[in-house]
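Presented below is the structure to which this report refers.
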Amino acid sequence: MKSMMVPTSAGLCKSGSSLDLSALSKDEAERTQVSKLRRVFTTHARRRSTRKKELVPGFNLSHMMKEPLRVVHSVPLSFPHGSSTNDLISRRGVFSRRHYGSVELLPQVETDGGELNGRRFRVENGEALGETEEIFGSPSTPVLENPEYQTRWYFKYFLGKLHQNYVGSDNDKSPFFLSVVLTDANNQCVPQYRAILWKKTGAQKISLTYAANKPMTVKQILSNFPNMEKLDKGPKEIFTPDIQKDLLLLEEQEGSVNFKFGVLYAKPGQTSDDEMFSNENGSSDFDRFINLLGGKIRLKSWDKYRGGLDVKGDMTGRYSIYTIYEGHEIMFHVSTLLPYSKDNRQQVERKRHIGNDIVNIVFLDGGSSEMNHFNPSFIKSQFTHVFALVTHETTDDTYRLHVFSEESVPLFGPSLPCPPAFRNSQEFREFLLVKMINGEKAAFNTPTFSQKRERTLDMLIKDLYSEHMNDSRGNMLNRRAFSDVLPDPPRGSRRKEEARQVEFVRIGQALKLDTIVKGDAPTSLATTGLFKRAPWEPHCFYPDFSNEIVCGDSWGDTRLLVSTESGTYLIEESLAHRLVFDKSVVVKQLHVVEAHGILLLRCEKGRDCKIYVFRLSDFDGEVSTDNSARGRQDIKDNRLEKTKGCHTFSISRPGGSHLRMVVAIGKKLLLMQWRHSAAWTAWCPASDTDTVEGFQYIRELQVTETPLLLTLVDSSLVKSGGGTSDNHICVAYRHQFDLVNERTGEITHLHTVEGSRVHLVAAIDLYEDQEPELLLCFNHTCHFQKLNVENTSTEFDFHWNSVPNSIVCAFPYIFAFTPDSMEIRLIINGNLVQTMVMPKLNLICSKNDIFFATTAPEFFSSKSERLQLDKQERDLSTSPPSSPHSSSPEARPFRLYRIPLHTLSGTSTCERRCPTPSVPHGTSEVHEPASEAGRLLAVPKVSDHQRGLSRSCSSSPTPHQPPGSTFLVAPK
């Protein structure tokens with residue numbers, strides 16, 4: 001009998017490199033028939049041990065073999081090469097709305113045991129995804145959603161500044177108001193139009209780039225709103241300053257900036273609200289809990305936010321609990337502090353307040369064992385939509401939290417950690433406050449509240465429309481375009497217009513001050529919490545780069561390859577950059593594929609455009625000299641001839657079994673695949689040394705129009721691997737998105753973009769609960785599209801304030817990049833969490849971490865600056881604006897920044913505390929009011945400014961403002 005030969009690693013590599021694609025596919029199919037066990041990371045894979053384990057920073061076969069095999073169908077395993085952040089690749093496009101609870105039918109039960117009728121609640125208990133923490137951790141960073149200092153535009157950008165207001169009716173004869181202002185947010189040398197369209201359905205906001213040589217008219221601004229492109233009649237301008245008070249009232253209909261929450265104490269075994277409300281006093285654990293929520297205040301003569309409580313005659317108790325979080329005043333209606341009546345079994349006075357609160361906290365004595373017995377139907381209130389069930393474990397001094405939300409309440413964060421236990425009481429307090437504030441905001445979008453709000457807005461707008469359309473007061477400026485703020489009329493008319501403008505601004509500033517004094521200012525500048533770093537805080541990667549970047553990609557953790565008009569450069573973090581291709585090589589697209597050690601370029605233009613393939617090792621360790629950069633004549637052997645004339649291409653996401661590439665040449669799609677699988681290259685990296693010959697042509701596909709966007713959509717059940725479905729290509733044309741089957745070429749229509757002006761942005765492949773779907777981005781809209789064409793739901797669609805150029809998804813956030821701003825929202829509900837204005841902003845890449853370039857200087861301040869008090873500045877809103885080009889960004893170098901992916905995904909916590917930034921002069925969202933206003937906000941002046949900057953640009957690339965700067969009020 002012949003002895004069995006055990007192949008060596010070198011032998012395997014040698015034989016492996018000679019396999020052609022068909023042989024490799026056949027061999028893989030045969031192995032699949034033997035065993036369909038696949039080693040994959042999935043969003044639901046969990047470790048059995050309760051001990052937290054670290055992710056392996058690099059590929060380690062012996063470590064992998066120790067892990068148990070899992071029979072699942074999901075995103076294939078990705079093999080890290082040269083970048084620790086690649087461990088998170090399978091996380092990038094994976095998200096789950098189940099993080100935010102599952103809907104269950106919880107029947108209402110009467111006291112005698114008879115069932116009344118059922119209510120459906122979404123239950124968040126931190127265990128919807130399993131008994132232990134997920135392998136990647138839970139994205140539970142507490143972040144306020146739709147913060148007022150980001151969403152209340154009229155108060156922030158318009159009120160107290162020169163702006164214009166219009167009234168008109170759309171084609172459906174529905175009245176509307178339009179407000180337009182030209183601002184330079186944070187004095188970034190980025191003048192922008194900001195416009196608010198007031199309709200009965202709510203306020204719609206957009207931001208448009210201002211071009212000095214091409215100012216916009218009112219009709220052009222209106223055309224950027226949905227269904228406002230063609231109006232029968234142009235809007236009429238309103239000149240009376242009193243319109244500001246009316247528009248401020250419309251904005252206040254979005255909801256209060258202050259909150260009142262009910263706190264109900266429940267003993268073990270109590271199953272009715274009558275029993276809970278009849279608890280005259282709470283336990284020591286309950287007293288400790290309410291003292292954690294806020295400070296105990298005397299109600300009589302209380303002059304801050306009172307939350308509906310009596311502050312004159314102690315009719316609602318002598319004391320209450322009050323706090324401030326991120327500028328929001330919060331009053332707690334505590335059951336044991338409200339009046340108690342021994343003769344009143346139902347405790348009507350207590351129910352009157354707590355039962356009318358949208359969000360209730362129920363503190364349950366007895367530990368976590370009692371939490372499973374709680375049912376929201378115990379509290380008979382049709383008004384309360386969110387219940388936060390809290391208990392305290394004395395054995396390990398931890399707080400536990402469950403959240404019950406009425407079914408119609410939209411998803412809101414932060415998601416509960418798994419398990420939902422908090423050892424740090426201050427962290428629990430912050431998490432609970434943020435969860436409750438977000439919950440109340442989400443409840444306002446339920447039919448119960450949204451219909452009432454729409455009726456109120458409809459009535460207010462109709463009344464205002466009748467008042468201002470019949471107002472005959474006006475002057476020669478009635479028909480002017482927005483760009484013609486200061487025409488050249490006779491001297492007398494000009495003086496009248498200047499006087500009107502001064503009076504307009506004066507009344508607006510008086511309204512703003514009055515709003516602050518009343519405590520209703522949506523500033524979110526004050527806080528009682530500690531400074532903390534925002535998850536999206538950028539870190540400077542390279543401080544001084546002189547060229548504008550066309551495209552780029554990351555290489556490992558510390559390198560970037562970027563293309564400019566002057567050539568293509570290799571940039572190493574904190575080191576010098578060097579030229580690798582001179583300007584004769586015009587690079588339009590660039591991809592670094594670390595799994596196979598190759599660099600892909602799309603060069604030239606028009607019919608001469610081709611794909612070029614290089615080995616990354618060719619650029620590793622090169623000595624930089626004047627002649628080391630490659631020119632056009634040096635790269636002829638690296639071109640893929642089949643790709644001649646291509647205008648775009650796309651590659652498959654990292655982590656797939658094989659690298660695939662689709663190339664668009666007119667109406668033709670070329671599908672190619674890399675010779676070696678990712679697993680084979682990881683096992684035998686020395687065998688993968690191909691360049692052009694590494695790509696093998698698969699087939700040609702025809703489409704109906706020239707594609708503008710291409711996205712490869714990977715299926716986890718590919719037929720070639722023994723599965724039941726095919727890979728697809730998402731193709732975007734002028735007005736629609738289609739899905740092309742890679743194997744058959746069959747075209748399926750996905751989505752049509754309505755409207756005459758269409759700007760296609762991106763098609764991002766996502767995986768929600770193991771099911772592939774697409775995020776289609778166009779104009780201001782993001783639309784979730786299931787691959788099942790029968791599903792055309794727009795339930796989770798959301799809109800950006802500005803039309804983006806690029807979109808990045810990093811669960812739980814989604815980023816939009818425009819030429820002058822970065823907008824960050826939550827992907828599960830589209831709620832805004834942050835907007836940062838940065839001049840000449842350009843996304844470089846987002847394969848691992850997010851890299852971008854901007855001309856804004858880095859925003860790190862010295863300790864002495866951080867402790868310096870801001871000086872009172874005169875409000876210069878009525879003064880002539882400084883030139884928008886006085887400190888032009890053209891003269892500044894580009895700075896490259898990185899947002900680490902692990903800080904967004906919640907895979908690790910940043911132990912550093914956010915440094916208190918210095919306060920640029922004049923950047924406060926609200927000029928410091930009289931001392932009475934400061935006393936009402938109950939926060940020292942320096943903290944007020946520090947927190948405002950920390951929340952709005954937390955060490956972001958935002959420059960200091962020069963003294964005396966102000967918003968740009970009008971183009972010259």
>> Once rounded to the nearest 0.5 Å, what's the spacing between atom CG of Leu208 and atom OG1 of Thr818?
In response: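 Rounded to the nearest 0.5 Å, the CG-OG1 separation comes out at 10.5 Å.
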> How many angstroms lie between NE2 in His751 and NE2 in His735, if you round to the nearest 0.5 Å?
Replying inline: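 Rounded to the nearest 0.5 Å, the NE2-NE2 separation comes to 12.0 Å.
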> With ring centroids as reference points, do His783 and Phe737 lie under 6.0 angstrom apart?
Replying inline: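 Ring centres of Phe737 and His783 not closer than 6.0 Å.
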>> Taking the six-membered ring for Trp, are His163 and Phe504 closer than 6.0 Å centroid to centroid?
In response: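 Yes - the distance between ring centres of His163 and Phe504 falls below the 6.0 Å cut-off.
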Can you confirm whether [X] sits close enough to [Y] that some side-chain heavy atom of one is under 4.5 Å from a side-chain heavy atom of the other?
{"X": "Ser179", "Y": "Leu247", "answer": "yes"}
{"X": "Arg734", "Y": "Val758", "answer": "no"}
{"X": "Glu237", "Y": "Tyr166", "answer": "yes"}
{"X": "Pro191", "Y": "Thr183", "answer": "no"}

> After noting the C-alpha distance and the side-chain angles of Lys441 and Glu148, does the key distance pass the salt bridge (charged side-chain N to carboxylate O under 4.0 Å, His left out) rule?
Replying inline: CA-CA 11 Å; Lys441 291 181 180 180; Glu148 280 73 11; 3.2 Å; yes
So does [X] pair up with [Y], basic N to acidic O under 4.0 Å?
{"X": "Arg122", "Y": "Glu407", "result": "no"}
{"X": "Arg495", "Y": "Glu498", "result": "no"}
{"X": "Arg500", "Y": "Glu497", "result": "yes"}
{"X": "Asp458", "Y": "Lys199", "result": "no"}
{"X": "Glu823", "Y": "Arg825", "result": "yes"}
{"X": "Glu254", "Y": "Lys205", "result": "yes"}

With under 30° as parallel and over 60° as perpendicular, where do the rings of [X] and [Y] fit, or are they tilted in between?
{"X": "Phe259", "Y": "Phe261", "result": "parallel"}
{"X": "Tyr210", "Y": "Tyr193", "result": "perpendicular"}
{"X": "Tyr157", "Y": "Trp153", "result": "perpendicular"}

>> Pairing donors with acceptors under 3.5 angstrom, does anything connect the side chains of Gln192 and Arg194?
In response: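 Note: Gln192 and Arg194 side chains meet the donor-acceptor criterion.
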>> Check for me whether Lys435 meets the cation-pi criterion with Phe412, that is, NZ or CZ under 6.0 Å from the six-membered ring centre and within 45 degrees of the ring axis.
In response: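 Yes, Lys435 sits over the ring of Phe412.
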>> I'd like to check the side-chain hydrogen bond (donor to acceptor under 3.5 Å, both in side chains) partners of Lys200; sequence neighbours left out, ordered by chain and number.
In response: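 Scan of Lys200 (side-chain hydrogen bond (donor to acceptor under 3.5 Å, both in side chains), adjacent residues dropped) gives none.
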>> Going by side-chain contact (heavy atoms from CB on, under 4.5 Å), Leu309 matches just one of Lys260, Met315, His353. Which one?
In response: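 Exactly one pass, corresponding to His353.
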